[in-house]
Amino acid sequence: MSEEIFPGPIKVPLSIAKEWEKRYDESVSTIETARGVQKVKGFLIPRETLENVLKLETTAVRAYLGINDEGEKNLFFVGAEKDDAGKYIDVYGVGASNGINARAGEEAEEVVYDGTRPSPPY
């Protein structure tokens, strides 16, 4: 990995991470959900989500923030690979439509990997 794209160490001391978390916590806004006001501090990520995105065998993984249909903040993942110009492009997984649910001539839908839940409350 180029340090131009990924500067600094991959392992960050816990004391530094706690400073970053505090800085984020002081800057983040809340969102209104069905459960009330929510201030997300992290995400619970299922192992299966990480395993699926790693199966793409890309050199990097990109995480996107979103708000799901329940009004919860979520995090979803795609692979990322450098193109010929040196820019990282998204690489998506392949959905189930290429299996037994596929119709003749139908192309499989690209997918991203989610399953994350905001913390709190999870």
Side-chain angles (χ1 to χ4, degrees):
M1 293 277 146
S2 167
E3 289 198 9
E4 293 174 17
I5 303 292
F6 299 102
I10 294 202
K11 292 181 179 178
V12 176
L14 180 58
S15 59
I16 300 295
K18 287 185 177 208
E19 288 177 29
W20 292 356
E21 180 182 12
K22 182 179 180 209
R23 193 177 307 144
Y24 175 82
D25 192 43
E26 291 169 351
S27 71
V28 73
S29 59
T30 59
I31 186 169
E32 189 76 30
T33 70
R35 293 185 187 97
V37 175
Q38 180 182 43
K39 187 173 189 175
V40 175
K41 294 183 68 151
F43 293 91
L44 182 65
I45 304 169
R47 179 185 190 104
E48 182 181 1
T49 296
L50 298 176
E51 289 172 346
N52 279 315
V53 76
L54 291 174
K55 284 179 187 175
L56 297 173
E57 296 185 3
T58 56
T59 58
V61 174
R62 184 172 280 134
Y64 287 97
L65 292 164
I67 298 176
N68 66 21
D69 292 341
E70 288 76 41
E72 296 175 326
K73 291 181 180 178
N74 70 338
L75 194 61
F76 52 94
F77 302 91
V78 300
E81 196 66 60
K82 275 189 180 179
D83 64 10
D84 293 337
K87 179 182 177 188
Y88 279 90
I89 58 168
D90 290 344
V91 176
Y92 303 101
V94 178
S97 64
N98 66 337
I100 58 174
N101 295 329
R103 295 185 191 119
E106 181 182 67
E107 289 203 25
E109 183 177 11
E110 294 177 315
V111 297
V112 300
Y113 298 101
D114 181 22
T116 64
R117 291 299 169 257
S119 178
Y122 297 95

Between Val53 and Val78, what is the shortest heavy-atom contact and its length?
CG2-C, 3.7 Å
Quick check on the 6.0 Å ring-centre criterion: do Phe76 and Tyr64 meet it?
yes
Distance (rounded to the nearest 0.5 Å) between Leu56 CG and Tyr92 OH:
11.5 Å
For the hydrophobic clusters of this structure (ILVMFWY residues joined by side-chain heavy atoms under 4.5 Å, transitively), does one cluster hold both Leu65 and Val61?
yes
Which heavy atom of Pro120 sits nearest a heavy atom of Lys41, and at what distance?
CD-N, 4.1 Å
Hey, could you give me the CD/CD distance between Glu21 and Glu26, rounded to the nearest 0.5 Å?
11.0 Å
Verify the distance criterion only: is there a donor paired with an acceptor across the side chains of Thr59 and Glu81 at less than 3.5 Å?
yes
Near Glu51 CD, under 6.0 Å, is it more than 12 heavy atoms from other residues, nucleotides or ligands?
yes
What distance separates Tyr122 OH from Leu44 CG, expressed to the nearest 0.5 Å?
9.5 Å
Closest heavy-atom pair, Ile89 versus Arg62, reported as atoms and distance to 0.1 Å, is C-NH1, 4.2 Å
Between Arg117 and Glu72, is any pair of side-chain heavy atoms under 4.5 Å apart?
yes
So how far is it from Lys73 NZ to Phe43 CZ, rounded to the nearest 0.5 Å?
7.5 Å
Out of curiosity, Leu75 CG to Tyr113 OH, how far, rounded to the nearest 0.5 Å?
15.0 Å
Between Thr116 and Ile45 (side chain of the first, backbone of the second, donor and acceptor by atom type, cut-off under 3.5 Å), is there such a pair?
no
Is it true that the side chains of Asn74 and Asp114 contain a donor and an acceptor less than 3.5 Å apart?
yes
Leu50 CG to Lys55 NZ distance, which is reported to the nearest 0.5 Å
12.0 Å
Should Val12 and Trp20 count as side-chain neighbours, where that means a heavy-atom distance under 4.5 Å?
yes
Please confirm whether the backbone N or O of Pro121 pairs with a side-chain atom of Ser119, one donor and one acceptor, at under 3.5 Å?
no
